[in-house]
2 protein chains.
Amino acid sequence: MAGLTLRELAARLDISVGTVSRALSGDPAIALKTRERVTEAARQYGYVPNMAARQLVSGRSGFVGFVMPVRGPNFIDSYLGEFLTGLGEGLVEHGMDLFIATVPAGRSELSVLRHVVESGRADGVVVPRIGEADERLAYLLERKFPFVAHGRMLDSSAAFNWLDADSVSAFGEIFDLLYDLGHRHFGLVSISDPMTFRHLRERGLRDAISRRGDPNVILDVASAPRFDRGATVAAVNSLIHAERRPTAMIGLFDELALTIMEEASRAGLSIPRDLSVVGFDNITAAAYAPPGLTTFEAHTRESAREIAGMLVTIIEKKPASPLTKLIAPKLVARASHGPVPGPVGKL
Amino acid sequence: MAGLTLRELAARLDISVGTVSRALSGDPAIALKTRERVTEAARQYGYVPNMAARQLVSGRSGFVGFVMPVRGPNFIDSYLGEFLTGLGEGLVEHGMDLFIATVPAGRSELSVLRHVVESGRADGVVVPRIGEADERLAYLLERKFPFVAHGRMLDSSAAFNWLDADSVSAFGEIFDLLYDLGHRHFGLVSISDPMTFRHLRERGLRDAISRRGDPNVILDVASAPRFDRGATVAAVNSLIHAERRPTAMIGLFDELALTIMEEASRAGLSIPRDLSVVGFDNITAAAYAPPGLTTFEAHTRESAREIAGMLVTIIEKKPASPLTKLIAPKLVARASHGPVPGPVGKL
DNA sequence: GATCGATTTTAAAACGTTTGCAATCATCCT
DNA sequence: AGGATGATTGCAAACGTTTTAAAATCGATC
């Protein structure tokens, strides 16, 4: 729109356009003196290269795409907010920018992704929240388009680039923590959606239980569709008001754990005296909701930053084997968990 | 990178490139039959135009830029999350995309904005959270670059495009609500930063007080820098533990109101029995924090959507006079406010 | 002083669109 | 029939870069 073009700059310097272009890119074939002269002039006249032209010839846009997941009437949640922040931070370190494509009402997320990829507006994309049979992954793989997923598949056979929280071991840690506090009856509030993280987290819990080998351990699970508040409340209450109520309840992620705390309070239970509650993700509200939710910091922001770095590597270096990375979550012990209530509690 | 080009499509159809281009753009100069034939072929072969090329000739990028405000160690907050969602939704309705530029550590927000503008990667920008003497506005105005601000200046003389919540009247409404419940001693927790919304909201409160003309009304104000949690807590407590404590406290925005509720609980006060608390913004946590924060829905998401529409109009139509719009916030009455405590309360 | 190499620069072809203008073609009017 | 008119379509330039291949310049050597 504004500034002067390469041609004009070249005219002022009485040098050919090609030379100026090379000089600015630091090509050593151009004499050092010329390079300096050009750089200085560019700075002085405030030359800014036209990205469209550059992109047209180089085939690279300098953008990384992100398709904003559609979630009914909801907003960017905690996870997405942190993720986007980290992504932006990571990308800017590599001189890349972030391009956000929103899914219009009535169109599928995949079709938007397709458009992002095929319009050439992005050099790579980041795919959050992997599903069990994720069509986005299938598309990108078939298309051989650079991408990094946040989350992984259940079997490690699928070869693609991903970064994920090590939720398997984290949920094992949750179990051990609560078991050591005397808890034997556990309630898990989960989701019914086909997201892989659901299975990984449940697996972490179950593995830890069988590792312990205590036949007295009981695990009750109640699920509801994600973002369906009514069903979630119902699922929570089915556990809270069960004939034998669990002494420790775990939310698959913090939003669920917070709902557990709410409903428990409503039922007149005191936390953690009557019921221990643990979540996962460490969203902001976890610190605010009394008495403070014990949860795991999933390092979402740093993960996104790391993902940005991985993606840039993939775009530029095209490594032969897929890049994968596990991030260890960290326990954030607040006040929502404690020893098992009642006469039992052999501490 | 991928798909077929206009030239290839034209070759397959045995038609000139120009005609195909026109046909796809729906130019009525092209015979309807040809147009249909081309459209069909494009669909079938999965033709996707190369944006870089289009941008190069049209001079328009199809992007709207947004510089992510830097906020210390923090993430995207509630406001930003809703705002971005709405912006994305609004833009996609007009066939535009969102380009997010993150401010790298050590660089100023203005320098990033400057880069966005001058690289030609955006056709317009959205500027959130206006400051008293906002250098971003000064730059954009001087540069005559299309933009819409969320928030306005204190004097309406500055001519630029903006949309803002009518917080003046909303804070008047808060006062009236509480006054009618018998409250006479008010505490306002505010910020010390030079944001215009701070003054507008305070003005709304003060105007309502003087409108009422009751000499018994007292307003105590305590301020702290935004995002400085320690100072905020101190400010809140200076009011809570004052010799004469206000019976009703107002947070300039929900985060502050939530802090008031927390500290009040810590001080053993019951809400709303001992203290009424009201906020502004209706962030998600406001519904969760017991007993439920009474606040105002600021319609952030819809505002952003509206802003997107305004910006597109500005980019395309270049209207002569600035576009401005006030959005009326709506009271969300929850359980954190009630009648003035004690023997007084003439209801 | 011409020739060979090495160094430096230039010219021109791409990249994939859009768009003004020219060319073609059928149709209509007198 | 002969233009004239209007509807379609084709041609080619332009957008601002990067980059390949070739040309120009320069020093130095024989």
Open item on the list: To the closest 0.5 Å, what do you measure between OG1 (A:Thr196) and CH2 (A:Trp162)?
Closed with: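 Here the interatomic distance stands at 10.0 Å.
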
- [ ] Could you grab the distance from atom OG1 of B:Thr300 to atom CD of B:Glu82, nearest 0.5 Å is fine?
- [x]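 Output value for this atom pair is 5.0 Å.
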
Once you round it to whole Å, what is the distance between [atom2] of [N] and [atom1] of [X]?
{"X": "B:Leu24", "N": "D:dT9", "atom1": "CG", "atom2": "C1'", "answer": "15 Å"}
{"X": "A:Ile30", "N": "D:dT20", "atom1": "CD1", "atom2": "C1'", "answer": "14 Å"}
{"X": "A:Ile15", "N": "D:dT25", "atom1": "CD1", "atom2": "P", "answer": "15 Å"}
{"X": "A:Arg121", "N": "C:dT17", "atom1": "CZ", "atom2": "P", "answer": "13 Å"}
{"X": "B:Asn50", "N": "D:dC15", "atom1": "CG", "atom2": "P", "answer": "18 Å"}
{"X": "B:Asp14", "N": "D:dT9", "atom1": "CG", "atom2": "C1'", "answer": "12 Å"}
{"X": "A:Leu56", "N": "C:dA14", "atom1": "CG", "atom2": "C1'", "answer": "9 Å"}
{"X": "A:Lys33", "N": "D:dC26", "atom1": "NZ", "atom2": "C1'", "answer": "13 Å"}

- [ ] Report the residue (B:Ala53 or B:Val17) whose heavy-atom-nearest nucleotide on DNA chain D is the more 5′ of the two.
- [x]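 Taking each residue's closest nucleotide, the earlier one in sequence belongs to B:Val17.
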
Shortest side-chain distance from [X], nucleotide among [options]:
{"X": "A:Leu6", "options": "D:dT17, C:dA11, C:dG16", "value": "D:dT17"}
{"X": "B:Arg22", "options": "D:dG10, C:dT18, D:dT17", "value": "D:dG10"}
{"X": "B:Ser16", "options": "D:dG16, C:dG16, D:dC11", "value": "D:dC11"}
{"X": "B:Ala29", "options": "D:dT9, D:dT17, C:dT17", "value": "D:dT9"}

Would you say a side-chain N or O of [X] is under 4.0 Å from OP1 or OP2 of [N]?
{"X": "A:Arg7", "N": "D:dG16", "answer": "no"}
{"X": "A:Ser58", "N": "C:dC15", "answer": "no"}
{"X": "A:Thr34", "N": "C:dT9", "answer": "yes"}
{"X": "B:Thr19", "N": "D:dG10", "answer": "yes"}
{"X": "B:Tyr47", "N": "C:dT17", "answer": "yes"}
{"X": "A:Ser21", "N": "D:dT18", "answer": "yes"}

Open item on the list: Can you say whether a donor on the side chain of A:Arg54 sits under 3.5 Å from an acceptor on the base of D:dT19, or the other way round?
Closed with: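 Side chain to base: no pair below 3.5 Å.
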
Open item on the list: Mind checking if A:Ser25 touches a base, just sugar-phosphate, or nothing, with heavy atoms under 4.0 Å?
Closed with: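 Contact class for A:Ser25: none.
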
Open item on the list: Within the 4.0 Å heavy-atom criterion, would you say A:Ala31 contacts the bases, only the backbone, or no part of the nucleic acid?
Closed with: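 Counting heavy atoms under 4.0 Å across all strands, the contact made by A:Ala31 is with sugar-phosphate only.
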
Task: Geometric cation-pi criterion, A:Arg301 with A:Phe83: 6.0 Å, 45° - done: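 Pair A:Arg301/A:Phe83 does not count as cation-pi.
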
Task: Cationic N near anionic O, under 4.0 Å, B:Arg43 to B:Glu40 - done: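 Yes.
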
Task: NE2 (B:His115) with more than 12 external heavy atoms under 6.0 Å - done: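 Open: at most 12 neighbouring heavy atoms sit under 6.0 Å from NE2 of B:His115.
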
Open item on the list: Does the plane of the ring in A:Phe63 sit parallel, tilted or perpendicular to the ring in A:Phe99? Use 30° and 60° as the thresholds.
Closed with: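 Taking A:Phe99 first and then A:Phe63, their aromatic rings stand perpendicular (interplane angle over 60°).
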
